[in-house]
Amino acid sequence: MAEQALQVQGEAPLSTGGAFLAMIERASRDPSVDVVKLQQLMEMSERVMRNEAEMAFNSAMSRLQPRLPVVSKRGKIEFKGTVQSKFAKYEDIDSAIRPLLCEEGFSLSFDSEMSPQGIVYHGTLAHAAGHSKRASMILPADTSGSKNDIQAIGSTVSYAKRYIVGMLLNIITKDQDDDAQAAGWVTPEQLKNIEDMVLACEMNPPALASFLKFAEADKLREIRARAYDRVMAALRAKEKQHREG
């Protein structure tokens, strides 16, 4: 069918699915049209509209993917004062992606149900055109860290949301330390060496402020990697002087 046939004078061109609907509407008013053929037209129209919705979804996703940011892992799981692992908090993920999703007509929703294996969590990424994608995972309640029942459920829900969104959108996360290294700051190991030496020197606030000025940094973690050797040499000399009184 030519494109001109899909357009009513003075109106925007119809999509293929819209053209089918317009044709079905006209056919439904024609008493000579066979009911079986009308049903076939309706089924064909539904298939075409589903295909158009999926194409719109995929097109929006292809635009969205390169714009999705890498999210820093600000959450920590600690045991007896020791960090066992780090993770990106759901609120950080949501804050980073929500404006981008809205721009492309996407929305996220979640629901859950009980199963013999645990709680099944579902996440749905829906597009304004009508197509959607779903991801699910089964989790037991997170009772680690002496959580009560309500806290355990809340922790599990947050965990499920993080990983389901990651599956749906391929979200990449990284340690905050990576940000520091990208900025040219000292590594975590180098920072610990500096902190240990500062403690050994027993610096008071004025002495620490003077040292930071020498290191050309506002904070210890913001000392540049290129200054590490110079800074450590100065700290060793100061520590020796401190020991010898």
Side-chain angles (χ1 to χ4, degrees), residues 49-182 187-189 191-192 221:
M49 293 180 71
R50 284 197 299 269
N51 184 57
E52 287 185 342
E54 184 175 359
M55 290 174 63
F57 180 102
N58 292 337
S59 179
M61 182 62 75
S62 69
R63 293 190 299 269
L64 175 69
Q65 281 293 316
R67 301 178 63 199
L68 289 173
V70 176
V71 183
S72 295
K73 298 178 180 178
R74 295 197 310 117
K76 298 178 181 180
I77 297 176
E78 298 186 36
F79 180 71
K80 294 183 178 180
T82 301
V83 176
Q84 302 294 311
S85 62
K86 298 179 181 179
F87 61 90
K89 296 181 177 181
Y90 180 71
E91 53 264 37
D92 291 342
I93 295 174
D94 181 78
S95 177
I97 68 174
R98 184 184 291 264
L100 301 176
L101 293 181
C102 291
E103 285 181 23
E104 291 294 348
F106 286 111
S107 63
L108 274 169
S109 60
F110 301 91
D111 60 278
S112 62
E113 59 185 317
M114 296 298 299
S115 78
Q117 292 76 32
I119 305 176
V120 184
Y121 294 91
H122 305 287
T124 302
L125 178 66
H127 188 254
H131 186 71
S132 63
K133 180 181 178 182
R134 203 179 202 202
S136 305
M137 66 188 308
I138 301 175
L139 292 171
D142 175 18
T143 56
S144 62
S146 301
K147 298 182 179 69
N148 60 39
D149 290 345
I150 295 176
Q151 290 171 327
I153 292 173
S155 178
T156 305
V157 169
S158 178
Y159 180 96
K161 285 184 174 182
R162 294 198 308 269
Y163 282 88
I164 287 174
V165 170
M167 288 189 286
L168 288 170
L169 295 171
N170 191 29
I171 298 294
I172 305 300
T173 61
K174 66 178 179 181
D175 287 341
Q176 285 184 295
D177 295 334
D178 296 337
D179 294 329
Q181 292 176 44
T187 66
E189 293 77 15
L191 176 59
K192 186 176 187 308
R221 65 172 178 268

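Scope of the values below: all heavy atoms of this structure, side chains included, with no hydrogens, waters or symmetry mates.
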With a 3.5 Å distance limit and no angle check, can you tell me whether Ser95 reaches the backbone of Asp92 through a side-chain donor-acceptor pair? no
When you measure from the side chain of His127 to the backbone of Glu104, do you find a donor-acceptor pair of N or O atoms at a distance under 3.5 Å? yes
Would you give the length of the straight line joining atom [atom1] of [X] to atom [atom2] of [Y], rounded to the nearest 0.5 angstrom?
X      : Y      : atom1 : atom2 : answer
Lys89  : Ser158 : NZ    : OG    : 9.5 Å
Leu68  : Met61  : CG    : CE    : 8.0 Å
Leu64  : Ser59  : CG    : OG    : 11.0 Å
Glu113 : Ile119 : CD    : CD1   : 11.0 Å
Leu125 : Ser107 : CG    : OG    : 7.0 Å
Phe110 : Lys161 : CZ    : NZ    : 6.0 Å

Taking salt bridge (charged side-chain N to carboxylate O under 4.0 Å, His left out) as the cut-off, I'd like each qualifying pair that reaches into residues 117-138, sequence neighbours left out, listed once. Asp111-Arg134
Compare every heavy atom of [Y] with every heavy atom of [X], then report the nearest pair and how far apart it is.
X      : Y      : answer
Ala135 : Leu168 : CB-CD2, 3.8 Å
Gly130 : Ala53  : C-CB, 4.2 Å
Met137 : Tyr163 : SD-CB, 3.9 Å
Ala160 : Leu139 : CB-CD1, 3.8 Å
Ser136 : His122 : OG-ND1, 2.5 Å

With ring pair (Phe, Tyr, Trp, His ring centres under 6.0 Å) as the rule and sequence neighbours excluded, what pairs involving residues 52-73 come up? Phe57-Phe106, Phe57-His131
Non-neighbouring partners of [X] that pass side-chain contact (heavy atoms from CB on, under 4.5 Å), sequence neighbours left out:
X      : result
Ala128 : none
Ser132 : Thr124, Ala126
Ser115 : Gln117, Val120, Ile138

Output all residues satisfying side-chain hydrogen bond (donor to acceptor under 3.5 Å, both in side chains) with [X], sequence neighbours left out; order by chain, then residue number.
X      : result
Glu54  : none
Asn170 : none
Arg67  : Glu103
Asp94  : Arg98

Do Val157 and Tyr121 come close enough that some side-chain heavy atom pair is under 4.5 Å? yes
Side-chain contact, heavy-atom cut-off 4.5 Å: Leu108 with Ile164? no
Sole candidate of Ile172, Ile171, Leu100 that passes side chain to side chain contact (heavy atoms under 4.5 Å, CB included) when paired with Pro69: Leu100
